[in-house]
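Since we're looking at a predicted model, the values are computed, not measured. Residue numbers count from 1 along this sequence. Order of listing sets the numbers, starting from 1, for every ligand and every atom in it.
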Amino acid sequence: MKTFSDKDAMRAHVRSLKAQGKSVGCVLTMGFLHEGHVGLVHECLKHVDEVVTSIFVNPTQFGEKEDLDNYPTDLEGDLAKFEAAGVNAVFLPTPDVMYPEGADTVVTVAGLSDILQGKVRPGHFQGVTTVVTKLFNILEPDVTVFGEKDYQQLAIIRQMVRDMAMAVDVKGLPIVREADGLAMSSRNVRLTPEDRAASVVLNQALDLVTKHENDPLTVEEFRALVREHIAQEPRADIRAIDIRDAATLAPFYGRLDRPAVILLSVRFGAILLIDNRVIGPGKEHL
Ligand code: AMP
């Protein structure tokens with residue numbers, strides 16, 4: 001497995017793979033890898049000959065009060081995990097490689113970037129779409145895999161690729177969970193043991209909804225069910241429970257007559273956890 005920090009050398013490597021007739025996929029991460037990230041690589045390898053990954057903690061997607069400097073890192077462990085997963089090469093750029101002096105161009109998916117998480121984290125999705133565009137331009141992937149864990153991010157990336165006619169096929173990977181159901185996240189290590197134990201309430205609440213998926217309930221009733229269940233856990237500080245059209249993220253009212261996504265945003269101590277679940281008829285055709 002090769003590593004590159006120079007963008008021209010990285011691009012030349014991808015092009016040399018393609019010159020050998022190989023298809024190339026990419027998996028973009030901020031490091032501190034877990035089984036979810038490894039799952040993205042395995043999924044990508046189902047569609048392409050070689051997978052190239054990146055590790056870059058992107059400053060432009062962090063708000064002023066967000067903890068960019070404390071983002072956990074483990075480069076040695078990350079490289080070992082990528083190597084074991086069969087990754088061909090890893091791109092490890094420094095911030096000045098991604099944002100050279102005077103870089104003024106940004107990419108924004110209007111609308112979708114301003115709702116839900118985008119409302120509480122202004123500028124976050126613009127930071128994501130800008131860096132993902134740059135990484136796509138450097139890695140020139142045929143396929144990319146993003147996690148459904150970050151549901152809104154995946155919807156935004158899909159729309160950006162469609163709107164800008166980018167030549168990459170975007171695939172989604174279902175949420176990879178710990179044995180007790182907590183969605184894997186690099187942030188989970190920062191939970192106190194008590195909060196870690198309490199955090200299973202999120203997946204439990206989503207399981208409850210799945211259990212009642214075929215009941216004749218309205219979206220408002222599903223939301224109440226989720227809220228009541230999570231509110232039983234005193235350590236859970238509910239920031240948002242949204243139910244939206246799973247395809248467009250538009251508001252959803254009334255009976256569940258098409259796929260809907262339940263989006264949870266809940267704090268445990270200082271740590272904000274997100275989780276989601278798609279329910280409703282036709283969800284398998286999304
Ligand atoms: P991050 O390193 O957190 O920026 O995430 C990089 C990629 O991994 C994104 O596409 C995430 O959606 C995906 N990802 C993170 N956690 C999970 C998970 N538990 N299951 C599936 N994908 C995930």
For Thr29, atoms of ligand 1 separated by under 4.0 Å from a heavy atom: 2 (O), 6 (C)

Which atoms of ligand 1 have any heavy atom of Val176 under 4.0 Å away? 18 (C), 19 (N), 20 (N), 21 (C)

What is the ring orientation for Tyr99 with Phe56, classed by angle as parallel under 30°, tilted 30 to 60°, or perpendicular over 60°? tilted

Glu213 and Thr210, any side-chain heavy atoms less than 4.5 Å apart: yes

Specify the closest pair of heavy atoms between Leu272 and Ser265, including all atoms of both residues, with the distance to one decimal. CD1-OG, 3.6 Å

Would you say ligand 1 has an N or O under 3.5 Å from any N or O of His37? yes

Any idea which part of His34 is under 4.0 Å from ligand 1, heavy-atom wise: side chain, backbone, both or neither? side chain

Assess, by modelled atom type and distance only, whether the side chains of Arg277 and Asn203 contain a donor and an acceptor separated by less than 3.5 Å. yes

At a 4.0 Å cut-off, with the gap strictly under it, does some heavy atom of Leu28 reach an atom of ligand 1? yes

Ligand-residue contact atoms, ligand 1 with Asp150, heavy atoms, under 4.0 Å: 11 (C), 12 (O)

Honestly, is Arg223 close enough over Phe252, meaning NZ or CZ under 6.0 Å from the six-membered ring centre and within 45° of the axis? no

How far is atom 22 (N) of ligand 1 from the closest protein heavy atom, and which atom is that? Gly147 CA, 3.4 Å

Taking side chain as C-beta onward, heavy atoms only, is His47 less than 4.5 Å from Asp169? no

In this structure, are over 12 heavy atoms from other groups packed under 6.0 Å from Lys7 atom NZ? no

Considering only heavy atoms of Met184, which atoms of ligand 1 have at least one such atom less than 4.0 Å away? 16 (N), 17 (C), 18 (C), 19 (N)

Nitrogen or oxygen atoms of Leu40 and ligand 1 under 3.5 Å apart: no

Leu40 meets the side chain to side chain contact (heavy atoms under 4.5 Å, CB included) criterion, sequence neighbours left out, with Val27, Val145, Leu173

Quick one: which of Glu148, Gln61, Glu178, Gln153 has a heavy atom closest to atom 9 (C) of ligand 1? Gln153

Here the atoms of ligand 1 under 4.0 Å from any heavy atom belonging to Ile175 are 20 (N)

Please say whether Met30 places an N or O atom under 3.5 Å from an N or O atom belonging to ligand 1. yes

